[in-house]
Amino acid sequence: MHTILPHMLKLGSYEAGIRPQNVREVIKLNQNENPYPPSPQVRGVLSKANWQELRCYPDPQMEELREGLAEVYRVRKERIFCGSGSSEIISLLFTVCVGHERRIAIPDPSFSLYASVAAVHQAECVKIPTRDDFSVDVDGLLECGAHAVMLVNPNNPTGVQLPLAEVERLVKHVKGLVVVDEAYIDFAESGSSAIPLIDQYEHVIVLRTFSKSYALSGARVGYAFANETLIAALEKAKHLYNINVLSQRLALAALSDQEYMKWRAALIRRNREWLSSQLRQLDFHVVPSQANFILCSPPPEGPYDARALYQKLMDRNLFVRYFEEPRLRGYVRISIGTDEQMKCTMDVIQDLFGE
Ligand SMILES: *Cc1c(COP(=O)(O)O)cnc(C)c1O
């Protein structure tokens, strides 16, 4: 095929979690989605929506949504960017700040989308191993001489959070772009966000999303905070109408109900601690998580290894995530669900691992 660029032919396809067809009959804990519905305000928007409005283009500047974000996060509108999921913002950052033949650094393991997008953009991706406890090796990231560093904090799939002082140390010493992807920060016990760093540093961008804590994965809305110069550059690179009319309003409605989001996030934190302690009682190793999922490893002397556990759970219509990667082979990642889903998950695991 001469029509396709050689690097694209070589590239594997991005592997997202399995999407089972019969979502009502299965327990889906493989994509870190929110198990609770979005705010009732979101439902209100949908029930009042007028189909005639779809005739017109959306606001390309997304003034209302950005004003809403400005108010909630106390950041000026000029420093806020919205994208079709934070995934789009990640791609745009490669277009705007990385380009090809440049080197980016990312901790390993981390969100695999970064490496995939790097490959599409023909950027070199250096993976810096996390320590034995999966904590991020800041010095390793600093020493590899990358043009850009991509940090997911709390990290996916480990749930480990790097303290803000360490994030700042990284930002201070990297000359190129520093991305701090805070997709999961609303689930962290101490939500010390890197957002304030954008006041001092022009090369840091903080990514957030409506997909997790706001329960709007299907609406595809992400947002970012950075210096106005970087935001303006992203604006130039984006598709003009990157977020549709309805999604803009759904996101604004979810955003307006902070109390609901925080209440649900607290329930998820509670369920996370419950699931972690239950698994530890069965001698699982559970990596302490600050996100809406846990990474855990079955006891070595137990009847099933991680891969077999993943299969056994799937046989019982319980979908979790297994990663065929050296550092993660011994683990499964389980997204935190409702009380009922967590009890059901533990019943199945108890059946498999109990006496
Ligand atoms: C889920 C997730 C996102 C969110 O992606 P969207 O495109 O906004 O749905 C971003 N970063 C990480 C690390 C994630 O795990």
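Both ligands and their constituent atoms are indexed starting at 1 by order of listing. Sequence positions, counted from 1, serve as the residue numbers for this chain.
Checked against the 6.0 Å centroid criterion, the rings of Phe284 and Phe353 qualify as a close aromatic pair. The aromatic ring centroids of Phe225 and Phe81 lie 6.0 Å or more from each other.
One side chain, Asn242 or Glu88, offers a donor N or O that lies under 3.5 Å from an acceptor on the other. Side-chain polar atoms of Asp181 and Tyr114 form a donor-acceptor pair below 3.5 angstrom.
Heavy atoms of Ser87 found under 4.0 angstrom from ligand 1 belong to the backbone as well as the side chain.
Of the options Arg208, Met261, Arg264, a side chain to side chain contact (heavy atoms under 4.5 Å, CB included) to Ser213 is made by Met261 and by none of the others. Here the options are Phe323, Phe134, Phe293, the test is ring pair (Phe, Tyr, Trp, His ring centres under 6.0 Å), and the partner is Tyr331; only Phe134 passes.
Ligand 1 is never approached by Asn32 to a heavy-atom distance shorter than 4.0 Å. At least one heavy atom of Gly85 sits closer than 4.0 Å to an atom of ligand 1. Ligand 1 has no atom lying under 4.0 Å from any heavy atom of Phe210.
The protein heavy-atom contact nearest to atom 13 (C) of ligand 1 is Phe111 CD2, 3.3 Å. Nearest protein neighbour of atom 15 (O) of ligand 1, counting heavy atoms only, is Tyr184 OH, 2.6 Å. Regarding atom 11 (N) of ligand 1, its nearest protein heavy-atom neighbour is Asp181 OD2, 2.7 Å. Ser86 OG, 3.2 Å is the protein heavy atom nearest to atom 5 (O) of ligand 1.
We find the CG-CE distance between Leu177 and Met150 to be 5.5 Å, quoted to the nearest 0.5 Å.
Each of the following atoms of ligand 1 lies closer than 4.0 Å to a heavy atom of Ser211: 6 (P), 8 (O), 9 (O). Those atoms of ligand 1 with a heavy atom of Lys212 less than 4.0 angstrom away are 1 (C), 2 (C), 3 (C), 4 (C), 14 (C), 15 (O). Interface atoms of ligand 1 facing Arg220, defined by a heavy-atom separation under 4.0 Å, are 6 (P), 7 (O), 9 (O).
Both Leu318 and Ile349 are members of a single hydrophobic cluster when ILVMFWY side chains are connected at heavy-atom separations under 4.5 Å.
No N or O atom of Ser84 sits closer than 3.5 Å to an N or O atom of ligand 1.
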